[in-house]
Amino acid sequence: MSFRPACLALALSGSLALAAPAAAETMLRIGMTASDIPTATGMPNNGFEGMRFLGYPIFEGLVLWDLSSSAKLAGLRPGLAEKWEQDKDDKKIWIFHLRHGVKFHDGTDFNADAVIWNLERYFNKDSAQFEPPASGISRARVPIMDTYRKIDDYTVAITTKQAASYFPYMAVYLLFTAPASFEKAGKDWAKVAALPAAGTGPFRIIKVVPREMVELARNDGYWDAGHKAKVDGIRLVPLPEPNSRLAALRSGQVDWIEVPPADGIPSLKSAGFEITTGSYPHDWPWLFNMAATNSPVKDVKVRQGLNYCVDRAGLVGLLNNTAEPSVGWLKPTDAGFGKPANRYTFDPAKGKALLAEAGYTAAKPLSFKVMISTSGSGQMLPLAMNELLQQNLKEACGVNIEFDVVEWQVLLNAARATPDSPALHGTMALNVSSPSSDVGVMARYFSSANFAPNGFNFEQWKDDKFDEALKTLAEATDEATIDSAYKAAHERLVDNPPWLFIVHDLNPRAMSRKIKGFVSAQSWFLDLTLVSMQ
């Protein structure tokens with residue numbers, strides 16, 4: 001007589017179904033370059049790394065990035081607004097038609113009232129919900145915002161200060177938090193993150209431990225069925241020191257790190273880790289403090305001369321070919337690069353000649369201080385890179401550079417300071433990595449209407465030909481005019497440079513081979529819903 005356990009016999013007979021073993025939860029662990037957890041109220045600090053990990057995955061905008069492909073520059077797609085258009089009678093007015101049926105993570109409704117409430121939070125200092133840090137970020141990213149109003153429960157109108165064909169590329173940076181989060185926290189933004197705050201995105205925040213980690217969980221009720229997350233959760237860990245990130249990946253403490261140290265890439269590859277790279281709209285420059293009292297970089301010849309003094313190939317070698325030389329805001333292969341008169345190469349003789357014309361010689365060398373960070377979003381490996389630049393400029397052109405080393409968020413705050421602000425510590429340049437993704441970014445960084453602290457034109461750079469080209473572009477509707485004006489504007493950025501153009505990052509990441517589905521989008525941002533783990 002054969003023997004079978006009773007439970008098995010019952011299961012086989014259909015009297016009792018065996019429960020399938022529960023699938024193990026998948027937690028994706030990411031080592032960030034930030035020194036702290038980005039703020040978690042719905043408008044994160046820490047630059048675009050903050051937006052990448054604690055912005056878009058949780059809190060969304062009316063307009064979203066399309067991050068599904070690595071083959072082309074990321075464009076836009078509908079987000080919390082299913083469509084939008086310029087008013088036919090007034091190009092300064094944009095009408096956004098909101099998506100129906102969207103819920104915040106706390107179950108409250110997303111609608112026009114929530115949109116207006118958040119816009120008041122950012123742009124009305126007299127509103128009860130005004131959040132100064134988030135306002136500073138939003139005003140700098142959307143400097144042309146004027147007024148806004150509710151048309152009906154699912155339609156809002158936003159008016160810009162001037163006609164701007166590129167406004168949707170600015171609207172993408174305005175994120176929306178549930179008004180109920182603010183009420184639940186006793187109308188105190190400092191307490192909102194501890195709730196945690198509710199957004200509408202594919203992930204929701206479940207735990208925040210400052211300087212240690214933040215945990216996200218999949219939002220199973222996400223409104224977009226085509227973009228539901230594949231992993232159960234994400235743990236974000238701040239690891240600002242490159243070798244600490246490397247050690248955390250090797251030891252299995254994390255599954256993925258941002259910006260692996262360049263000298264560690266060969267050993268990571270040989271150990272079976274995946275190294276991903278890809279071109280994206282990134283600049284790693286020095287931003288000149290041109291408007292400071294007695295600034296040596298006021299003179300265009302100094303700025304041009306310095307651009308001829310940089311050994312970009314040497315820096316790319318230091319980075320193990322995870323970057324490419326930068327000779328303008330855009331790359332020479334970009335359609336909008338144009339035909340500037342200057343094509344910067346490593347030409348110390350030409351660089352020294354231009355510096356001499358400006359009065360700086362071996363007897364009177366050019367000397368100034370640069371503020372740099374220890375880490376940060378898009379900052380690559382700032383300490384090693386800047387040390388090499390310091391040596392390069394001294395040996396090639398006799399330029400003496402001193403550094404003021406600060407944390408990334410301190411550097412970002414400095415970029416919104418006025419030229420002689422004590423916060424700048426007398427620095428004549430800032431090493432702030434920056435995007436070059438679209439005309440909206442170009443306008444934010446270089447239009448003379450956007451001088452810091454109201455916009456991102458830290459340099460207070462004013463070029464009449466650039467402003468005229470930007471105006472033409474903003475008011476145009478035909479592609480030929482837009483393309484021509486874009487090239488003309490970029491040519492001025494090269495020939496009258498507000499920046500020292502150094503390199504473009506190739507976006508290196510190192511990750512476990514368990515990670516599948518990752519797309520290295522041509523963007524500063526990522527679609528984390530595509531990622532799975534096996």
With no hydrogens and no angle check, do the side chains of [X] and [Y] hold a donor and an acceptor under 3.5 Å apart?
X	Y	answer
E82	W84	no
D146	T159	no
T177	R121	yes
T33	Q379	no

Ignoring hydrogens, what is the shortest heavy-atom contact between [X] and [Y]? Give both atom names and the distance.
X	Y	answer
S434	V432	OG-O, 3.0 Å
P202	A229	O-CB, 4.3 Å
H425	M371	ND1-CE, 3.9 Å
V441	P435	CG1-O, 3.3 Å
F458	A415	CB-O, 3.5 Å
S70	V519	N-CG1, 3.8 Å

About how many Å separate [atom2] of [Y] and [atom1] of [X], when rounded to the nearest 0.5 Å?
X	Y	atom1	atom2	value
N219	I205	CG	CD1	12.0 Å
R99	T200	CZ	OG1	10.0 Å
L62	L98	CG	CG	6.5 Å
L526	N507	CG	CG	7.5 Å
L430	W499	CG	CH2	11.0 Å
M51	F59	CE	CZ	11.0 Å

Can you tell me if K150 has over 12 outside heavy atoms packed within less than 6.0 Å of its NZ?
yes
More than 12 heavy atoms of other residues, nucleotides or ligands under 6.0 Å from NZ of K462: yes or no?
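Count over threshold, so yes.
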I'd like to check [X] versus [Y] (side-chain heavy atoms, cut-off strictly below 4.5 Å). Are they in contact?
X	Y	value
S181	H105	no
F167	I144	yes
F104	P179	yes
N45	P133	no

Start with the C-alpha distance between W223 and F110, add both sets of side-chain angles, then the distance that settles ring pair (Phe, Tyr, Trp, His ring centres under 6.0 Å), and finish with yes or no.
CA-CA 11 Å; W223 59 266; F110 170 80; 9.2 Å; no
May I ask you to decide if [Y]'s main-chain N or O and [X]'s side chain share a donor-acceptor pair within less than 3.5 Å?
X	Y	value
T427	V370	no
N431	P285	yes
D505	G378	no

Please confirm whether R444 makes a cation-pi placement over Y173, using NZ or CZ under 6.0 Å from the six-membered ring centre and within 45° of the ring normal.
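Verdict for Y173: a cation-pi partner in R444.
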Quick one: sort the F456 and Y445 rings into parallel, tilted or perpendicular, breaks at 30° and 60°.
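Parallel.
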Look at the rings of W524 and H282 and say which category their plane angle falls in: under 30° parallel, 30 to 60° tilted, over 60° perpendicular.
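Judged by the thresholds at 30° and 60°, the geometry between W524 and H282 is parallel.
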Carefully, step by step, assess N289 and S295 under the rule side chain to side chain donor-acceptor pair (under 3.5 Å).
CA-CA 7 Å; N289 189 1; S295 171; 5.9 Å; no
Please evaluate residues S448 and D467 with respect to the criterion side chain to side chain donor-acceptor pair (under 3.5 Å), reporting the C-alpha separation (whole Å), side-chain torsions for both, the decisive distance (0.1 Å), and the verdict.
CA-CA 7 Å; S448 62; D467 282 342; 2.5 Å; yes
Using the side chain to side chain contact (heavy atoms under 4.5 Å, CB included) definition, which of the options T26, V214, L216 pairs with I234?
L216
Applying the side chain to side chain contact (heavy atoms under 4.5 Å, CB included) criterion to V156, which one of Y148, F96, W94 satisfies it?
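Passing option: F96.
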Take W286 and N386 through the test side chain to side chain donor-acceptor pair (under 3.5 Å) and record every step on the way to the result.
CA-CA 10 Å; W286 286 358; N386 278 297; 3.0 Å; yes
Aromatic ring proximity H100/Y154, centre distance under 6.0 Å
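That pair passes the under 6.0 Å test.
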